[in-house]
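Down below is the structure, laid out as structure tokens.
Here the structure is a predicted model, which is why all the values come from computation and not from measurement.
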Amino acid sequence: MADNDTMSKLISLCKRRGFVFQSSEIYGGLKSAYDYGPLGAELKRNIMGEWWKSMVHEREDIVGIDASIIMKKDVWQASGHLAGFSDPLVDCLVCKERFRADKAPSVEIGTDCDIVFADKGRAKVAMESFEKQGITGLSRSKKTISGAKAERNYVCPNCGSPFLSAEKNFNLMFKTSIGPVDNKNDMVEMFLNNKDCSKEELLQKIYDIENKSAVYLRPETAQAMFVQFNNVMQSMSMKLPFGIAQQGKSFRNEITVEHFIFRSCEFEQMEMEFFCYPEQSAEMLDYWKDQRLNWYIERLGVKQENLRLRKHDEDELAHYSDNCYDVEYLYPWGWDELEGIASRTDYDLKKHEKHSGQKLRYFDPERENPETGKKGVHLTPYVIEPAAGATRATLMVLLDAFDEEEGVDGKEGRTVLRFAPRIAPIKVAILPLVKKDGMPEKAREIVKQFVAKGINCKYDEQHAIGRRYRRHDEIGTPFCLTVDTQTMEDNTVTIRYRDDMRQERIAIDKVVKVIEDKLV
RNA sequence: GCGGGUAUUGCUUAGUGGUAAAGCUCUAGCCUUCCAAGCUAGCGACGAGAGUUCGAUUCUCUCUACCCGCUCCA
């Protein structure tokens, strides 16, 4: 499904049926924050549960952790996030473009620049504005204004203008402070004692006060796995190669948020750091990229043709990475990222080793130490990181499952969410055909059997049977069990399948087993 | 952050300078024995704030949120 309406239909369905709501909606909504409703919460949990099962429970070589969201400033200094997140941004005073100073076209200071406008009308207006401001030496030819002198070693990438705002730092990490004492008093005190300071000096002093208690919400879950490397390895006696996995919320002050829950400031990640011998890293990257792609197809039931692997170009690689693949999905707006599988080399462990002064190494008693020629060597493992977005995966699963069927023979069409049964929010609906003749009681007995097995089921007697089927189609319930007159006689029920609306009769004492088998 | 668009009940839409209509949904009841049936009754909305006005959901401004396209995405 990739037509333009799909997103709006899905967003509407998500709200109507309790998958996703706008955050703080009754107060007008909060930008890019979403709440998961009863069914959305189930769906997301199921997806994350599948990930945990296949990454942690089914593997001897990977263990899971659950680290705190608030982490010390030092962690982000070491990881490069505090520096990397504060890219100097500049606004163009002519065309209002905002851009990164370090990525703008470079020029020599003092050269004449051509400012190019979309049309000569705009150029004329701008020319008049320059003249009003008393800027001289400019000349206009059609839609280009020439003669402006570059004052810095770069110009606006959009229009070529050298008229630019000051460089401003934008830190994409959420900053907060720890401790109950508000530091505003310290700041006022500081202002009163430093009335003669320049703006820059005051700013620096504010930062100093702020930094005393500053902590950051993690912008990724990965760093905890590096920081706790020694503790995990030692407590669990891990042998190389091994992995540490984690799921949880991360936070980024994104400049732009878009596409519903695709990119939001608060999001949920499923990350795993796989530590290996340096010479294994290429092989492991290869292994994990295929492993992860197949997970979506085999475990989440996503259509193969909607998924692909894309290798990053050299210039696309992050500073810590020497090779990277993205698992991409064909969203309604085109191919876009779902998960990144990056080769992070020994960058992170080395960085934290340097900043913390603590050794973050693996001791291999079998390997020969090249310096001494004896057995036993300390080494810094290389890392392969499959980093998936749980929030993104939830959106992807919803899109992939979304289907609208035309009605045949004059009957109404239906909307179906074709989730893989194992991740469906409700696994089975138990429906009495009518609300009498002992059918509700019989149905509730069946409910008890499923509850006892921990299978999420729902009893539903509201409205006509056909409507109930359609409602469960729309929320992706794969199986409906219907109690009817015959049930009261021979203890069999109808099982009705979501995908093809087929019906079969099965004995009540077999239903739990039958459904269980279909959920594996 | 820029440009364009949108905002009326849970959903989809109508409409008006004198506070609003419909369908679906939902709730209660009746009736119903397998794919959104029917009947009766009921709940329920003009995103927020300011201005103009006797009176604003409607006009103006600001804000907020969402959508589309750029930009950004360590």
Exercise: do A:Thr492 and A:Asp490 side chains pair donor with acceptor under 3.5 Å: yes
First encountered from the 5' end of RNA chain B, between A:Lys15 and A:Gln503: A:Lys15
Min side-chain heavy-atom separation A:Asp348-A:Leu360 under 4.5 Å: no
Interface residues of residues 473-486 of chain A with RNA chain B (non-hydrogen, below 4.0 angstrom): A:Thr482, A:Asp484, A:Thr485
Partner set under salt bridge (charged side-chain N to carboxylate O under 4.0 Å, His left out) for A:Lys350, not counting sequence neighbours: A:Asp346
Nucleotide opposite B:G42 in a Watson-Crick or G-U pair, distances under 3.5 Å: B:C26
Strand-adjacent residues in residues 262-275 of chain A, judged by heavy atoms under 4.0 Å from RNA chain B: A:Arg263
Nucleotide paired to B:U53 in any strand shown, Watson-Crick or G-U, under 3.5 Å: none
Tabulated below should be each protein N or O lying under 3.5 Å from an N or O of nucleotides 26-30 of chain B; please produce it.
unit_1	atom_1	unit_2	atom_2	d
B:C26	OP1	A:Arg471	NH1	2.6
B:C26	OP2	A:His463	NE2	3.0
B:C26	OP2	A:Arg467	NH1	3.3

Could you list the protein-to-nucleotides 41-45 of chain B atom pairs, N/O on both sides, closer than 3.5 Å?
none

Side chain to side chain, A:Ser281 and A:Ile384, heavy atoms closer than 4.5 Å: yes
A:Phe226 side chain near A:Lys351 side chain, heavy-atom distance below 4.5 Å: no
Student check: side-chain heavy atoms of A:Phe174 and A:Ile70 closer than 4.5 Å: no
For B:A37, the Watson-Crick or wobble partner whose two distances fall under 3.5 Å: none
Counterpart residues, side-chain contact (heavy atoms from CB on, under 4.5 Å), relative to A:Gln462 (two or more places apart): A:Lys435, A:Asp460, A:Arg471
Heavy-atom check, side chain of A:Asn323 versus side chain of A:Lys311, under 4.5 Å: yes
Got a list of protein N/O to nucleotides 64-67 of chain B N/O distances below 3.5 Å?
unit_1	atom_1	unit_2	atom_2	d
B:U64	O2'	A:Gly28	O	3.4
B:A65	OP1	A:Lys31	N	3.3
B:A65	O4'	A:Gly28	O	3.2
B:A65	O2'	A:Gln22	OE1	3.4
B:C66	OP1	A:Ser32	N	2.8
B:C67	OP1	A:Phe260	N	2.9

Residues in side-chain contact (heavy atoms from CB on, under 4.5 Å) contact with A:Asp313, at least two apart in sequence or another chain: A:Asp315, A:Glu316
Set of side-chain contact (heavy atoms from CB on, under 4.5 Å) partners for A:Ser250, sequence neighbours left out: A:Arg218, A:Thr221, A:Phe267, A:Gln269
Near-strand residues of residues 336-344 of chain A, defined as heavy-atom separation under 4.0 angstrom from RNA chain B: none
Partner set under side-chain contact (heavy atoms from CB on, under 4.5 Å) for A:Thr485, not counting sequence neighbours: A:Met439, A:Glu489
For B:U62, the Watson-Crick or wobble partner whose two distances fall under 3.5 Å: B:A48
A:Asp473: salt bridge (charged side-chain N to carboxylate O under 4.0 Å, His left out) partners, not counting sequence neighbours: A:Arg414, A:Arg496
